[in-house]
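Notes to accompany the following structure.
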Amino acid sequence: MNKVTSTAGSGPFLRVALDTPLRRTFDYRPPAGCDPRTLRPGLRVAVPFGPRSLVGVIVELAGESALPPGKLRAALAVLDSEPVLDPVTFDLARWAADYYHHPVGEAYAAALPAMLRAGRPLNARETRWRATPEGRGAATGAARLGPRQRALLDAVGEGSLGDEELDASGCTTREVLRALVKRGWLESFDVEVPAVEPPPPTVAEGPSPTAAQQAAVEAIVGALGTFAPFLLHGVTGSGKTEVYLRVIREALERGQQALVLVPEIALTPQAVARFRARFSVPLAVLHSGLTAGERLAMWRAARDGSAPVVIGTRSAIYVPLPDPGVIVVDEEHDASYKQQEGFRYSARDLAVIRAQRHGIPVVLGSATPSLETLQNAIAGRYRRVDLPERAGAAGKPRVAVVDLRVQPQTNGIATSVAIAMQRHLEAGAQVLLYLNRRGFAPTLFCPGCGWTAPCEQCDARLTVHRRRHVLACHHCGAEAPVPYACPVCATEVRPVGQGTERIEDSLDELFPGVPIVRVDRDTIRKRGEIEAALERVHSGEARILVGTQMLTKGHDFPDVTLVAVLNADQGLFGTDFRAAERLAQSIVQVAGRAGRAARPGEVLIQSACPDHPLLTSLLETGYDGFAQAALVEREQAHWPPYTRLAVLRADAAQAELPMRFLSAARDAARDLPRDGVRLLGPAPAAMERRAGRWRAQLLLESASRGPLQRLLAEWLPRLDDLPETRRVRWSIDVDPLEVA
Ligand code: ADP
Ligand code: ZN
Ligand code: ZN
């Protein structure tokens with residue numbers, strides 16, 4: 001901003017972050033009649049933007065603007081009397097925008113609940129829609145109604161629907177809604193939604209801590225009031241949650257709040273229940289299943305302190321808290337903490353930054369810590385506390401590999417695994433089978449000519465879904481009917497390989513009449529379905545559990561004594577540098593579901609490569625030994641955590657455009673100080689075509705953060721001006737999880 005005559009002296013001007021993909025802020029004059037003394041950074045304003053009006057956040061009061069006075073428009077209204085974000089979360093959003101090089105307006109938008117983004121007041125209640133008496137008459141009478149208007153009135157019926165329910169009903173658009181409101185047949189009304197869960201009438205005391213738990217609690221409690229990052233490395237079932245609970249209780253007793261981040265609340269209702277049972281204070285739970293009104297109410301309760309304990313998924317890292325005492329990140333290795341699209345921030349990493357700003361401890365807990373976090377502990381940046389033993393009566397499970405090259409199998413289940421299952425079932429225990437592949441079979445194959453059913457939109461094969469009678473692409477969601485014969489040579493085609501559906505069928509054959517519960521994204525689609533599935537497990541009704549990753553996450557299944565990993569090989573040969581780490585984590589996590597109560601556990605891992613060094617190191621030395629070996633490899637290969645990465649990705653509807661853009665981008669960096677940053681590529685993505693778009697990437701690698709950050713800051717603004725930019729979509733991913 002160094003050109004032309006600037007508007008000086010007649011400020012203050014509002015420098016506003018708007019929810020647009022543009023990498024800049026926008027200047028406005030204060031609204032007419034506004035007292036300039038009431039203006040402050042952090043207040044939301046409504047502003048004109050082209051023909052529209054947008055809601056933004058004041059990030060700065062500027063004394064002068066680069067825009068000439070005539071060009072400067074006035075804001076329409078100031079929406080708040082006090083900033084909606086506290087100073088730390090306000091700065092955190094800004095810091096994240098800078099660090100992840102994301103448009104600042106979108107970064108602030110990510111920190112706010114949808115209703116605040118839409119300009120509703122902080123104390124807004126939830127809006128619902130109901131039919132007026134005339135509307136109900138119209139729906140049943142002979143009034144002229146379009147099919148979509150009728151569908152909407154039918155969906156509302158005698159009751160009412162919230163915005164999310166309207167969207168989910170699939171029968172409506174805003175247009176239809178507006179048309180009905182205009183005819184006086186539909187009206188909105190506001191309702192109060194319960195803000196927080198009230199505390200239970202009595203609070204459970206919890207088991208007396210083990211020596212290791214006690215030591216961990218003392219270490220963390222001793223650091224309350226100062227910035228201190230901890231790695232709480234506890235084997236599965238070691239009672240990490242018990243440590244969090246005791247630390248949080250201490251923070252509450254000092255009158256402070258606690259923020260707990262968890263990977264996925266919908267999948268682990270148990271975890272929330274354990275927190276609820278232990279504290280005589282209201283709990284705010286923030287997750288993606290909330291309505292906009294519920295979310296705002298929870299957010300408000302966190303913000304005004306009426307909910308001393310706040311549990312949430314990734315985006316809860318931005319929830320304002322008046323006086324936090326500790327931040328917990330449970331299962332810190334979980335990939336869901338990194339947003340994989342749009343604003344690609346890591347809530348785990350932001351938790352450490354946030355704790356630093358507040359001057360409080362942050363606890364990163366995991367049985368399988370990420371190599372980044374382990375390295376931070378080794379380097380002395382994080383304090384490591386260990387829970388090496390399982391809590392209570394549980395012992396360590398026995399682990400063995402089943403060699404698929406020599407063992408006969410029935411549709412993906414080796415004979416020795418079936419025999420072990422029989423034994424555990426007869427002993428009255430439950431059995432868990434893990435397979436990270438949903439559907440019936442991953443491939444539809446022609447034995448005549450070798451054809452496999454491809455996705456038209458992606459470089460990928462279609463998965464056979466027999467229950468729904470479709471072929472589905474797990475990358476773009478495309479679906480196609482299942483052909484009977486090969487389209488090339490007319491030979492009868494057949495499904496090859498195993499998915500969870502097929503395993504369920506094999507189990508019906510092997511163990512007729514034994515109740516099975518299958519947990520994957522096909523069986524768990526709606527709110528409440530995971531609770532129902534888990535209830536079948538906990539009541540003991542279901543005897544065999546089959547599932548994907550969903551079953552490995554943090555569940556406590558006391559009666560499961562046998563866990564079988566059906567296809568470990570899927571992860572052994574991944575293209576990404578993190579593939580081995582991911583596989584080791586999921587094997588150890590799923591193995592950790594076995595024998596968590598008094599009965600001993602057994603874990604069987606099916607593999608056609610039983611001598612693979614990853615499997616042998618995992619078996620012989622456990623996760624720690626594996627991690628040590630993996631860190632050595634990463635160091636030798638110059639991968640994180642020994643280097644810092646960023647990926648510039650591009651995609652376009654035409655094949656050559658992404659590579660052309662990335663080459664131009666590379667050239668645009670030529671005269672910038674590199675300071676040791678290497679640009680690798682561009683190269684097509686491992687799956688070059690996805691959802692009809694061609695994809696490529698350019699990798700940036702640096703020995704340390706500073707030079708990479710400086711290069712990105714100077715380089716990225718140049719990309720907007722390249723002619724090649726116009727026909728591609730591009731994004732930057734700092735600290736990417738995947739570079740394949
Ligand atoms: P993690 O999160 O480390 O996998 P959890 O916190 O879920 O472990 O604890 C595993 C099980 O052990 C739970 O059923 C929990 O109630 C129990 N547990 C935890 N700490 C103790 C303890 N000190 N004494 C007895 N049981 C305990
Ligand atoms: Zn064929
Ligand atoms: Zn596809």
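Note that these values count all heavy atoms, side chains included, but never hydrogens, waters or copies made by symmetry. Numbering of ligands and ligand atoms starts at 1, following listing order. None of these values were measured; they are calculated from a predicted model.
For E205 and R249, the salt-bridge test passes: some basic side-chain N is under 4.0 Å from an acidic carboxylate O.
For ligand 1 and T241, the ligand atoms under 4.0 Å from any heavy atom of the residue are 2 (O), 6 (O). Distances below 4.0 Å separate heavy atoms of S208 from the following atoms of ligand 1: 22 (C), 23 (N), 24 (N). Shown in contact with T210 at under 4.0 Å from a heavy atom are these atoms of ligand 1, numbered in order with element: 23 (N). Set against the non-hydrogen atoms of P209, the atoms of ligand 1 under 4.0 Å away are 23 (N). Close approach of ligand 1 to T236 (heavy-atom distance below 4.0 Å) involves ligand atoms 4 (O). Each of the following atoms of ligand 1 lies closer than 4.0 Å to a heavy atom of G239: 1 (P), 3 (O), 5 (P), 6 (O), 8 (O), 9 (O), 19 (C).
Residue contacts with ligand 1: R274 is included, with a non-hydrogen atom under 4.0 Å away. Look at G234 and you'll find every heavy atom at least 4.0 Å from all atoms of ligand 1. In this structure, A367 falls outside the shell of residues with a heavy atom less than 4.0 angstrom from ligand 1.
Rounding to the nearest 10°, we obtain 110° for the angle at the Zn ion (ligand 2) between C486 SG and C446 SG.
Counting heavy atoms closer than 4.0 Å to ligand 1, residue L387 contributes nothing at all. At a heavy-atom distance under 4.0 Å, only side-chain atoms of Q213, from C-beta outward, approach ligand 1.
Crowding of R381 atom CZ: a count of heavy atoms from other residues, nucleotides or ligands under 6.0 Å exceeding 12. In the displayed structure, Q628 atom CD is contacted under 6.0 Å by at most 12 heavy atoms of other residues, nucleotides or ligands. Counting non-hydrogen atoms of other residues, nucleotides and ligands closer than 6.0 Å to CZ of R521 gives a total of 12 or fewer. Under a cut-off of 6.0 angstrom, the local environment of CD in E541 is crowded, with over 12 non-hydrogen atoms contributed by other residues, nucleotides or ligands.
In this structure, H538 and F557 have tilted ring planes: the angle between them lies in the 30° to 60° band.
Using a 3.5 Å distance cut-off with no hydrogens or angles, the side chains of Q654 and R727 do pair a donor with an acceptor. In this model, no donor atom of one side chain and acceptor atom of the other lie less than 3.5 Å apart for Q589 and T552.
Under a cutoff of 6.0 Å and an axis angle of 45°, R348 and Y337 do not form a cation-pi pair.
E242 is listed as a side-chain neighbour of P207, based on a closest heavy-atom distance under 4.5 Å.
Nearby protein atoms of type N, O or S around the Zn ion (ligand 3) amount to 4 (distance under 2.8 Å).
Residue A696 comes nearest to L662 through the heavy atom pair C-CD1, 3.4 Å, listed as atom of the first residue, atom of the second, then distance. Across every non-hydrogen atom of L657 and A652, the tightest pair is CB-CB, 3.7 Å.
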